[in-house]
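Each remark here refers to the structure printed beneath this line.
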2 protein chains.
Amino acid sequence: MTVLLDSPVKCSSCPIRHRAVCARCDEDELSILEGMKSYRTFEAGQLILWRGEPLTYVASVVHGVASLSKTLEDGRTQMVGLLLPSDFIGRPGRDEIEFDVTATTDVTLCCFDRAPFERLVDETPHVAQRLMELALDELDAARDWMLLLGRKTAREKIATFIEMLARRSHSENVLTTKVVLPMTRDQIANYLGLTLETVSRQFNALKKDGIISLTDRRHVDVLDYAALHEATGDDADGGVLS
Amino acid sequence: MTVLLDSPVKCSSCPIRHRAVCARCDEDELSILEGMKSYRTFEAGQLILWRGEPLTYVASVVHGVASLSKTLEDGRTQMVGLLLPSDFIGRPGRDEIEFDVTATTDVTLCCFDRAPFERLVDETPHVAQRLMELALDELDAARDWMLLLGRKTAREKIATFIEMLARRSHSENVLTTKVVLPMTRDQIANYLGLTLETVSRQFNALKKDGIISLTDRRHVDVLDYAALHEATGDDADGGVLS
DNA sequence: ATCGTGATTTGACCCAAATCAAAGTGACAT
DNA sequence: ATGTCACTTTGATTTGGGTCAAATCACGAT
């Protein structure tokens with residue numbers, strides 16, 4: 001199941017050092033974190049946490065992609081968030097979550113036991129502030145997603161999804177044309193409030209229109225950024241995810 | 001336009017005293033707030049704040065209902081949040097919002113200028129904590145709404161909406177059967193990702209099934225709570241808003 | 001190489017909700 | 001009482017995307 005790695009990387013050379021909850025920690029604070037952290041890895045498809053389960057630890061995503069999802073009585077499900085590297089799982093002052101967390105790809109988490117972590121948060125205002133910023137970013141992303149789920153057509157949903165991945169996958173500030181899809185058509189459907197068949201059809205429709213090309217199942221090449229943005233339905237600079 | 005009332009009520013007798021951002025303030029802190037607050041009222045339909053506009057003040061909703069909404073290029077809109085009494089507008093560390101805020105009914109806000117308020121937040125950890133709780137509540141509500149927008153049928157959406165209002169409108173812990181709709185069919189449609197015609201038809205379908213009765217346009221009477229919950233599609237205790 | 005399995009694409013058909021179009025309601029002003 | 005205006009209901013029709021079903025593809029295991 002869960003594999004515990006005995007040797008997490010040093011905070012100072014951690015890939016998410018500058019974006020995660022620890023972004024503004026100084027050397028002393030990092031060494032405290034260093035002492036209380038442990039890595040856990042999960043394989044693609046594994047359930048990481050589930051609704052109602054008491055949270056014994058909180059964590060930052062180091063590598064990979066995890067998803068948050070909610071389920072209706074009859075089994076219909078909707079993803080309600082994607083966790084990319086540097087995103088945070090768990091929240092101060094709550095010991096349950098009301099959704100499931102699943103590893104979408106193989107995932108590495110940097111975990112902290114709750115009690116000592118919460119103590120650190122109470123004593124370190126800028127960590128609390130950083131948590132607040134992360135929560136507000138999630139809230140903004142959730143609201144963009146509400147607009148997508150409530151009002152966008154299937155084509156607009158797919159275009160928005162590709163644009164979002166392109167935006168997030170550029171390492172610095174260069175827009176990449178090659179986008180890696182971190183999930184299957186089924187999972188994409190789940191994220192966008194569609195069925196997998198519609199996802200497939202719309203990918204191919206965008207391809208037929210010369211906006212993207214599909215090299216293999218997990219890679220999209222954006223041929224025409226302007227047309228892609230046009231296809232999202234968003235106005236000028238709206239709809240930006242985080 | 002905006003009316004400024006010169007005599008806001010005393011914090012100590014404020015109806016949202018125990019739920020708003022000031023919930024855990026002591027007498028001294030309240031008197032600081034007392035000194036920096038002012039009331040503003042808006043008529044139903046008025047725009048309170050809009051996207052991109054710099055935020056000069058933050059506020060708590062005292063009376064009435066306001067809505068947050070986002071718009072696509074061609075004018076389709078989606079509400080992304082409802083603000084009921086005690087909900088908070090504005091956020092530490094951001095000076096713009098990425099949605100419009102509109103008065104749904106007549107609204108009274110308790111406003112604080114940003115600069116002094118942020119100073120207070122920095123100096124008063126429990127206010128920062130309360131803001132965090134409010135943000136996390138909004139995030140949970142947003143996620144419930146994503147499930148609704150992405151996966152629920154029109155009937156389920158209407159049932160969920162009525163159930164949410166019933167839950168929120170009970171003054172203490174008694175479930176009321178009479179629910180006041182704080183908005184028009186058009187606005188409800190906007191909130192639920194539907195058209196106004198569909199909203200009207202589904203209200204009448206629930207009525208025909210004996211689950212609710214519609215006294216007048218703005219009042220719903222819940223005749224059968226169990227059936228209403230059944231109709232939401234939520235499982236046992238899920239889908240609770242805030 | 002071949003098989004098996006899960007992911008993806010494609011096609012045919014259907015239905016829930018959108019769209020288009022008209023009436024119906026009720027509160028208020030004249 | 002009459003007209004106006006904004007909101008709501010109801011009906012007829014269309015349609016985007018869901019559903020069901022059958023290939024096709026890709027890739028690791030044997």
Calculate the interatomic distance between A/D74 atom CG and D/dT19 atom P; express it in whole Å. 10 Å
Tell whether B/R217 reaches the base of C/dT25 with its side chain through a donor-acceptor pair below 3.5 angstrom. yes
Could you tell me the separation between the CZ atom of A/R218 and the C1' atom of D/dC25, rounded to a whole number of Å? 15 Å
Side-chain-base donor-acceptor pair under 3.5 Å for A/R185 and C/dG6: no
Return the nearest nucleotide to the side chain of B/A154; candidates are C/dT9, D/dT8, C/dA17. C/dA17
Mind calculating the distance between CG (B/L196) and P (D/dA6) to the nearest angstrom? 15 Å
Whole-Å distance separating the CG atom of A/L194 from the C1' atom of D/dG16: 11 Å
With sugar-phosphate meaning primed atoms plus P, OP1 and OP2, does B/G45 contact a base, only sugar-phosphate, or nothing at under 4.0 Å between heavy atoms? nothing
Ion pair B/E163/B/R167, N-O distance below 4.0 Å: yes
Look at the side chain of A/R76 and the base of D/dT19, then say whether one donor and one acceptor between them are separated by less than 3.5 Å. no
Do B/T102 and B/L47 make a side-chain contact, defined as non-hydrogen atoms from C-beta onward lying under 4.5 Å apart? yes
Between C/dT8 (C1') and A/M183 (CE): distance, integer Å: 16 Å
Within less than 4.0 Å of OP1 or OP2 of C/dA18, is there a side-chain N or O belonging to B/T195? yes
To the nearest Å, how far apart are A/I158 CD1 and D/dG17 P? 10 Å
With a 4.0 Å cut-off on heavy atoms, is B/N204 in touch with a base, just the backbone sugar-phosphate, or nothing at all? sugar-phosphate
In terms of ring plane angle, is the pair B/Y191 and B/F161 parallel, tilted or perpendicular, where the classes change at 30° and 60°? perpendicular
Mind calculating the distance between CZ (A/R201) and P (C/dC13) to the nearest angstrom? 13 Å
Do A/D221 and A/T215 meet the criterion of a side-chain donor-acceptor pair at a distance under 3.5 Å? no
Is there a side-chain contact between A/T198 and the phosphate of D/dG18, meaning an N or O under 4.0 Å from OP1 or OP2? yes
Just wondering, do A/I158 and A/R201 contact through their side chains at under 4.5 Å, heavy atoms? no
Can you tell me the distance, in whole Å, between the CZ atom of B/R151 and the C1' atom of C/dA16? 15 Å
Looking at B/E197 and C/dC20, is any side-chain donor or acceptor paired with a base atom of the opposite kind under 3.5 Å? yes
